[in-house]
A.B. asks: 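Pasting in a structure now, in structure tokens, and then I'll have a few things to ask.
Just so we're on the same page: letters track the sequence lines, and every chain starts at 1. The structure displayed is predicted, hence computed values, not measured ones. Below, all heavy atoms of this structure are taken into account, side chains as well, without hydrogens, waters or symmetry copies.
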Protein chains: 2
Amino acid sequence: MEARDRGTTRRSPGRRPGPSETRQAILDAALRAFSTRGFRGASLRAIAADAGVDPALIRHFFGDKASLFAAAVADGSDVVARLVGAFEGGGPDLGRRVADAYLRLWEDPETLAVLRAILGTVLTSPEAMPPLRDMMLASVAVHAPGGAGSAGVMLAASQLLGLAVMRHILQVPALATLDREHVVAMVAPTIDRYLATEAAAG
Amino acid sequence: MEARDRGTTRRSPGRRPGPSETRQAILDAALRAFSTRGFRGASLRAIAADAGVDPALIRHFFGDKASLFAAAVADGSDVVARLVGAFEGGGPDLGRRVADAYLRLWEDPETLAVLRAILGTVLTSPEAMPPLRDMMLASVAVHAPGGAGSAGVMLAASQLLGLAVMRHILQVPALATLDREHVVAMVAPTIDRYLATEAAAG
DNA sequence: TCAAGAATTCCACAAGTGAGGAATGAGGGC
DNA sequence: GCCCTCATTCCTCACTTGTGGAATTCTTGA
């Protein structure tokens with residue numbers, strides 16, 4: 001609720017004095033909304049209200065709703081950039097490092113919001129699913145050993161995704177209350193086994 | 001698209017001759033809609049149109065939108081009943097049996113729709129999340145060894161959930177094109193390991 | 001045969017939706 | 001000091017949403 005107070009107070013039109021940080025405020029509010037309500041459930045008016053701003057400003061800055069969504073998720077996401085860092089170097093404890101990097105990602109509130117927004121939108125507006133999926137797969141493809149076509153890599157991804165959903169979205173107590181190191185320790189062997197299986201099977 | 005033709009044709013009001021199967025038609029259409037659009041994204045009018053029926057009939061049969069949702073997911077779900085069958089018996093190949101039963105569940109279109117609807121709604125209307133989550137956890141709690149509070153059981157669940165999402169919702173090719181036996185074979189050891197870890201750690 | 005109830009329609013309403021146009025104010029370059 | 005650009009407001013439009021009332025037709029039971 002970091003909305004400026006504008007209950008019934010009319011604020012005269014025209015530019016405000018000083019530099020404007022409204023664009024960023026809109027992006028933040030948009031991410032919050034898309035992340036909790038999904039693309040369709042988030043309304044431009046609610047986003048504007050949360051940002052303490054007139055709805056028409058959204059149109060002025062971003063055009064239409066889809067563009068705002070794109071801008072909001074792009075804004076909060078060096079997500080993949082941070083994830084793929086974990087794949088650098090090879091080494092023996094690859095599974096452990098990947099799992100740890102991935103779970104850290106979800107612990108960052110902004111990243112969580114981005115991922116929630118994407119997942120919610122994928123589940124809730126079918127026409128958006130293929131492009132979003134392919135975008136995510138493409139980013140994995142370049143960096144994972146074996147690429148996005150590899151069943152082993154995708155099994156590892158499925159374990160991490162499921163874990164993140166249960167831990168950070170559904171917030172299942174048995175997983176949400178455990179500290180990250182503990183979870184990583186239990187999951188790392190799984191990741192390693194999937195990646196090794198892949199290497200063997202081609 | 002099994003909607004009756006009612007483009008511009010006016011159909012006179014009043015009861016239709018013969019027995020009425022409209023209630024079920026509405027439930028089916030509702031499940032389709034909730035499953036692809038989420039709770040908020042699915043509109044009563046669209047559901048009614050898909051069922052070939054006047055929107056007011058929905059209100060007549062089910063009251064409000066939330067009750068329709070409840071009825072729709074309850075209608076298509078002996079889901080949990082079918083899943084927990086896999087836990088009966090103990091035996092050595094528990095992981096294999098559970099994974100197989102679970103994946104079969106998602107291959108049934110109606111069950112897939114139910115699960116999609118629940119997941120989409122959970123992600124997209126936060127107020128619905130705790131009740132739905134607790135409902136699912138409660139059903140697991142009674143049947144899984146160790147109950148819903150056990151990290152091992154929940155880790156196994158996370159693997160299965162993530163797998164189902166990537167295979168049947170995102171439809172990632174590397175997993176969606178594999179036959180079930182193959183996937184089960186790769187995943188079963190993971191499940192067994194999690195459940196065993198749990199048994200050891202208490 | 002008649003009445004009660006259930007199934008079905010249309011129409012209306014108030015609220016909310018995304019989009020767009022017109023006006024007003026401030027900043028910055030000349 | 002003037003003008004162009006940008007940030008900001010308001011109001012409007014056409015449309016969709018969930019909900020509700022009133023009327024019509026069929027089925028069922030007495």
Side-chain angles (χ1 to χ4, degrees), chain A residues 3-27 29-30 33-34 37-72 121 124-125 127-128, chain B residues 3-27 29-30 33-34 37-72 121 124-125 127-128:
Chain A
R4 280 71 143 187
D5 61 330
R6 57 191 302 269
T8 56
T9 58
R10 290 293 181 96
R11 301 200 297 173
S12 61
R15 187 171 191 155
R16 303 278 164 273
S20 165
E21 26 177 300
T22 334
R23 192 193 151 91
Q24 190 59 45
I26 293 179
L27 281 178
F34 285 130
R37 300 286 181 193
F39 179 79
R40 198 142 175 199
S43 87
L44 296 183
R45 288 169 145 94
I47 292 174
D50 184 21
V53 152
D54 190 277
L57 256 194
I58 296 185
R59 181 177 123 83
H60 176 247
F61 278 125
F62 303 97
D64 63 357
K65 195 179 179 181
S67 308
L68 173 62
F69 179 83
T121 299
T124 210
S125 44
E127 65 278 10
Chain B
R4 279 73 142 187
D5 62 329
R6 58 191 302 267
T8 57
T9 58
R10 291 290 182 99
R11 301 200 299 171
S12 61
R15 186 174 190 151
R16 303 279 165 271
S20 165
E21 25 177 300
T22 333
R23 193 192 150 91
Q24 190 58 46
I26 293 179
L27 281 178
F34 286 130
R37 300 286 181 193
F39 180 79
R40 197 140 176 202
S43 87
L44 295 183
R45 288 171 143 93
I47 293 173
D50 184 22
V53 152
D54 190 276
L57 255 195
I58 297 185
R59 181 176 122 83
H60 176 247
F61 279 125
F62 302 97
D64 63 358
K65 195 179 180 182
S67 308
L68 174 62
F69 178 83
T121 298
T124 211
S125 43
E127 65 278 9

A.B. asks: Please give, in whole Å, the distance from D/dT16 C1' to B/Arg37 CZ?
C.D. replies: 14 Å

A.B. asks: What are the two closest heavy atoms between A/Ala25 and A/Ala51, and how far apart are they?
C.D. replies: O-CB, 3.8 Å

A.B. asks: Does C/dA6 have OP1 or OP2 sitting under 4.0 Å from an N or O in the side chain of B/Ser20?
C.D. replies: no

A.B. asks: Are any non-hydrogen side-chain atoms of A/Phe61 and A/Leu27 less than 4.5 angstrom apart?
C.D. replies: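 Side-chain contact under 4.5 Å: no.
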
A.B. asks: Give B/Ala46 one of three labels, base, sugar-phosphate or nothing, depending on what nucleic acid heavy atoms sit under 4.0 Å from its own.
C.D. replies: nothing

A.B. asks: Hey, is the main chain of B/Arg37 close enough, under 3.5 Å, to the side chain of A/Thr124 for a donor-acceptor pair?
C.D. replies: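 Yes, because the side chain of A/Thr124 sits within donor-acceptor range (under 3.5 Å) of the backbone of B/Arg37.
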
A.B. asks: Within the 4.0 Å heavy-atom criterion, would you say A/Arg45 contacts the bases, only the backbone, or no part of the nucleic acid?
C.D. replies: base

A.B. asks: Would you call the rings of B/Phe34 and B/Phe39 parallel, tilted or perpendicular, where under 30° means parallel and over 60° means perpendicular?
C.D. replies: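 B/Phe34 vs B/Phe39 ring planes: parallel.
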
A.B. asks: Base, sugar-phosphate alone, or nothing: which one does A/Ala66 contact when heavy atoms must sit under 4.0 Å apart?
C.D. replies: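 Touches nothing.
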
A.B. asks: May I have the distance from B/Phe34 (atom CZ) to D/dG18 (atom C1'), rounded to whole angstrom?
C.D. replies: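 Rounding to the nearest Å, CZ of B/Phe34 and C1' of D/dG18 are 12 Å apart.
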
A.B. asks: What nucleotide among C/dT8, D/dT19, D/dC6 has an atom nearest to a side-chain atom of A/His60?
C.D. replies: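 In terms of side-chain proximity for A/His60, the closest of C/dT8, D/dT19, D/dC6 is D/dC6.
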
A.B. asks: To the nearest angstrom, how far is B/Phe39 atom CZ from D/dT17 atom P?
C.D. replies: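 Distance, rounded to whole Å: 14 Å.
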
A.B. asks: Rounded to whole Å, please give me the gap between CD1 in B/Ile47 and C1' in D/dT19.
C.D. replies: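 To the nearest whole Å, that distance equals 15 Å.
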
A.B. asks: Report the distance from atom CG of A/Leu57 to atom P of C/dT24, rounded to the nearest whole Å.
C.D. replies: 17 Å

A.B. asks: What's B/Leu44 touching, base or sugar-phosphate or nothing? Going by heavy atoms closer than 4.0 Å.
C.D. replies: sugar-phosphate

A.B. asks: Rounded to the nearest angstrom, tell me the gap between atom CZ in B/Arg40 and atom C1' in D/dG18.
C.D. replies: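 One finds 12 Å between C1' of D/dG18 and CZ of B/Arg40, rounded.
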
A.B. asks: To check you understand the geometry: which heavy-atom pair defines the closest contact between A/Ala29 and A/Asp50, and what is its length?
C.D. replies: CB-OD2, 3.6 Å

A.B. asks: From the options A/Ile58, A/Ile26, A/Asp64, select the one residue that forms a side-chain contact (heavy atoms from CB on, under 4.5 Å) with A/Leu44.
C.D. replies: A/Ile58

A.B. asks: Using whole Å, report how far CZ of B/Phe62 lies from P of C/dT8.
C.D. replies: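 Rounding to the nearest Å, CZ of B/Phe62 and P of C/dT8 are 11 Å apart.
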
A.B. asks: Shortest non-hydrogen contact from B/Thr121 to B/Ala128?
C.D. replies: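 Closest pair (atom of B/Thr121, atom of B/Ala128, distance): CG2-CB, 4.1 Å.
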
A.B. asks: Quick one: B/Glu21 CD to C/dT8 P, roughly how many Å, whole number?
C.D. replies: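 Between P of C/dT8 and CD of B/Glu21: 10 Å.
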
A.B. asks: Assign a letter to each nucleotide of nucleotides 20-30 of chain D from its 5' end: B, base within under 4.0 Å of a protein heavy atom; S, sugar-phosphate only; -, no contact.
C.D. replies: BB--BBBS---

A.B. asks: Check this one for me: any side-chain N or O of A/Ser43 less than 4.0 Å away from OP1 or OP2 of C/dT17?
C.D. replies: yes

